[in-house]
2 protein chains.
Amino acid sequence: MSPRRGAPDPKTMSTLLELVRMGAAYSSADVSSGSLGRALGLTQQAASHRLIELEGAGLISRIHSGRSLKVRMTPRGLGEVRSFYGELTEAFEKTRVRLVFSGSVFSGMGKGKYYVGHPEYQRRFTEALGYRPYPGTLNVKLEEDRYVEQLRTLRSLGGIRVEGFKRGGEEFSALTCFDGRLSDERVTLLFIDITHYNESVAELISAAYLRGKLGLKDGDRVTFTIDAASLVPAKG
Amino acid sequence: MSPRRGAPDPKTMSTLLELVRMGAAYSSADVSSGSLGRALGLTQQAASHRLIELEGAGLISRIHSGRSLKVRMTPRGLGEVRSFYGELTEAFEKTRVRLVFSGSVFSGMGKGKYYVGHPEYQRRFTEALGYRPYPGTLNVKLEEDRYVEQLRTLRSLGGIRVEGFKRGGEEFSALTCFDGRLSDERVTLLFIDITHYNESVAELISAAYLRGKLGLKDGDRVTFTIDAASLVPAKG
DNA sequence: ATTACTATAGCTCGAGTAG
DNA sequence: TCTACTCGAGCTATAGTAA
């Protein structure tokens, strides 16, 4: 999109992308200048003009077939689109967010210990995160609205997904994980699909027993950072 | 990109994407109109103008900080970019390619039978493809250049990957599979990483003995179709 | 219904320049 | 240096129309 490395201008690229949507990438597609114009928000005439320009640039081939037009992308046109997509994907996946949160520690209902300590969760966390979490969660109440809002933002981003499961008639919820740091400890923030807390509570796990290691007690204020993988919204 | 659902025009979107690359997505970034112009292939003046327009449209916020400018995207601007990216991703991943090939059957060197019949390959194919292939390949020589070129195109796309292995000092090559149809039979085209044939030969496997079932003999012309998963180049 | 030409209107960009 | 104004040039879309 951006004309680094002699890439085509936005106008050209948006037209090529629309042609991809119309199925002209690998085989000829019936593309009328009218339909292309409608999709692009242009008049039929302007769309026709663009197609002629694209052909002139060697990015597509146009074949008149009766009253209609068959369009297919040339290898070069396909290459342009693919490299645009590749660069964009890379840009989106390289974009990392570091969000800072602050709140106060409070005691949960002991559920954290029970759940995180469950052998199956332990197995799944170890596989997903690369470490075996201490059986328990550190609950942090976010008092300021801006942190609560940040938490909402974070939730919509792509994190590490851990699927739920059933054992002995009991249901264990799926959750999404985001890595971060609290002091010098690596922590993981959990978004548990079915949680007992409201959206102003952050539930953290870590390899170590954080309360002990950092000398934390209820009401203490802690600050932690969370890194989100990308700009890409979470799937599903 | 395409203005379906009142999305911004290409010019706006390309500018927003460049701002994402500059790190203005989640926090303020120092963006000079000069540097933005350079990245977009515009002059400083035009870039400045665009930033002002984007602010007017409520997509970014501009804050003068000394001689420089701090830019960050608003939730709405971020939403536009993310929905553009989402639509694009979907379009690319939904785009399926159906390529038609035609060529003539010829006898191989018996290697196909040996390899595909190998118990470990049989196991791996069954897992990867969902059926147990008949031990042997149907070799099709593609005479026309356009088919050879199509085959090259196909190779660069994402297929089902089967890893190689070693057994008894012998090396068995990794390969990439693409599903398709020959007459009413489901077939799978193999791109064997280390093959004995040149790039004008398609090697097909199937659950059935195709030569027998379809009454094929050397020199017979066959037509088959291959479906590729997406426009996205194969990773790795 | 198509495509696509010509001519005009309108918009975007770039040069010059000020703050 | 930086931003961002005005104004004119050039480009692009549109309207009208032909095939």
Side-chain angles (χ1 to χ4, degrees), chain A residues 1-4 6-19 22-24 28-74 77 80, chain B residues 1-4 6-19 22-24 28-74 77 80:
Chain A
M1 195 77 152
S2 351
R4 47 186 87 215
D9 61 297
K11 199 165 33 83
T12 304
M13 187 51 75
S14 64
T15 311
L16 287 177
L17 290 175
E18 193 53 51
L19 290 174
M22 290 179 165
S28 303
D30 288 305
V31 176
S32 74
S33 57
S35 61
L36 180 65
R38 244 169 287 125
L40 253 24
L42 301 170
T43 57
Q44 169 268 319
Q45 294 90 328
S48 171
H49 190 208
R50 283 204 184 175
L51 287 173
I52 293 167
E53 275 190 326
L54 289 181
E55 185 177 47
L59 299 173
I60 65 165
S61 68
R62 281 158 67 250
I63 298 163
H64 284 90
S65 111
R67 56 175 158 270
S68 189
L69 201 62
K70 288 210 177 294
V71 171
R72 86 172 286 174
M73 295 173 66
T74 62
E80 293 284 1
Chain B
M1 196 79 150
S2 348
R4 45 185 89 215
D9 61 295
K11 199 164 34 82
T12 303
M13 187 51 73
S14 63
T15 311
L16 287 177
L17 290 175
E18 192 54 50
L19 289 174
M22 291 178 165
S28 302
D30 289 304
V31 175
S32 73
S33 57
S35 62
L36 180 64
R38 247 170 283 123
L40 289 170
L42 302 169
T43 58
Q44 169 269 319
Q45 294 92 326
S48 171
H49 190 211
R50 283 204 185 177
L51 286 173
I52 293 167
E53 276 190 326
L54 289 180
E55 185 177 47
L59 300 172
I60 65 166
S61 67
R62 281 156 67 250
I63 298 162
H64 285 90
S65 110
R67 55 175 161 270
S68 190
L69 203 63
K70 289 212 178 291
V71 172
R72 87 171 283 174
M73 294 173 66
T74 61
E80 292 285 1

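Letters A, B, ... are given to chains in the order of the sequence lines, protein chains preceding strands, and every chain is numbered from 1.
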Just how far, in rounded Å, is [atom2] of [N] from [atom1] of [X]?
X        : N       : atom1 : atom2 : value
Arg50(A) : dT3(C)  : CZ    : P     : 16 Å
Glu53(B) : dC11(C) : CD    : P     : 11 Å
Gln44(A) : dA4(C)  : CD    : C1'   : 7 Å
Leu36(B) : dC13(C) : CG    : P     : 11 Å
Leu42(A) : dA15(D) : CG    : C1'   : 15 Å
Leu69(A) : dT2(C)  : CG    : P     : 12 Å
Lys11(A) : dC11(D) : NZ    : P     : 11 Å
Ile52(A) : dT12(D) : CD1   : C1'   : 14 Å

Stepwise side chain to side chain contact (heavy atoms under 4.5 Å, CB included) check, Leu69(A) with His64(A):
CA-CA 5 Å; Leu69(A) 201 62; His64(A) 284 90; 3.6 Å; yes

State whether the side chain of Thr74(A) and the backbone N or O of Leu59(A) hold a donor-acceptor pair below 3.5 Å, judged by distance alone.
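Confirmed, Thr74(A) side chain pairs with Leu59(A) backbone.
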
Counting side-chain heavy atoms from CB outward, which of [options] is closest to [X]?
X        : options                  : result
His64(B) : dT3(C), dC5(C), dT3(D)   : dT3(D)
Thr43(B) : dA13(D), dA4(D), dA15(C) : dA15(C)
Ser33(B) : dT2(C), dA15(D), dT3(D)  : dT3(D)
Gln45(A) : dC13(C), dA4(D), dA4(C)  : dA4(C)

So [X], base contact, sugar-phosphate only, or nothing? Heavy-atom distance under 4.0 Å.
X        : value
Leu51(A) : nothing
Ser32(B) : sugar-phosphate
His49(B) : nothing

Any non-hydrogen side-chain atom of Ser33(B) less than 4.5 Å from a side-chain atom of Gln44(B)?
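Side-chain contact under 4.5 Å: yes.
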
Contact check, side chains of Met22(B) and Ser35(B), non-hydrogen atoms, under 4.5 Å
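Sidechains of Ser35(B) and Met22(B): in contact.
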
Leu40(B) side, atom CG; Lys11(B) side, atom NZ - distance, nearest 0.5 Å
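The NZ atom of Lys11(B) is 11.0 Å from CG of Leu40(B), to the nearest 0.5 Å.
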
For Glu18(B) and Leu36(B), which heavy atoms make the closest approach, and how far apart are they?
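Heavy atoms of Glu18(B) and Leu36(B) come nearest at CG-CD1, 3.9 Å.
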
Check Leu19(A), Ile63(A), Asp30(A) against Val71(A) for a side-chain contact (heavy atoms from CB on, under 4.5 Å) and give me the one that passes.
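When side-chain contact (heavy atoms from CB on, under 4.5 Å) is applied between Val71(A) and each of Leu19(A), Ile63(A), Asp30(A), only Leu19(A) qualifies.
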
List the atom pairs, donor and acceptor, that lie under 3.5 Å between side-chain atoms in residues 47-57 of chain A and the rest of the protein, sequence neighbours left out.
from, atom 1, to, atom 2, distance (Å)
Arg50(A), NH1, Thr15(A), OG1, 2.9
Glu55(A), OE1, Arg62(A), NH1, 2.5
Glu55(A), OE2, Arg62(A), N, 3.1

What are the residues of residues 54-62 of chain A, sorted by number, that bring a heavy atom to within less than 4.0 Å of DNA chain D?
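Heavy-atom cutoff 4.0 Å gives no residues at all.
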
Taking Watson-Crick (N1-N3 plus N6-O4 or O6-N4) and G-U wobble (N1-O2, O6-N3), each under 3.5 Å, can you produce the dot-bracket string of DNA chain D? Use [ ] for crossing pairs and | for inter-strand ones.
.||||||||||||||||||

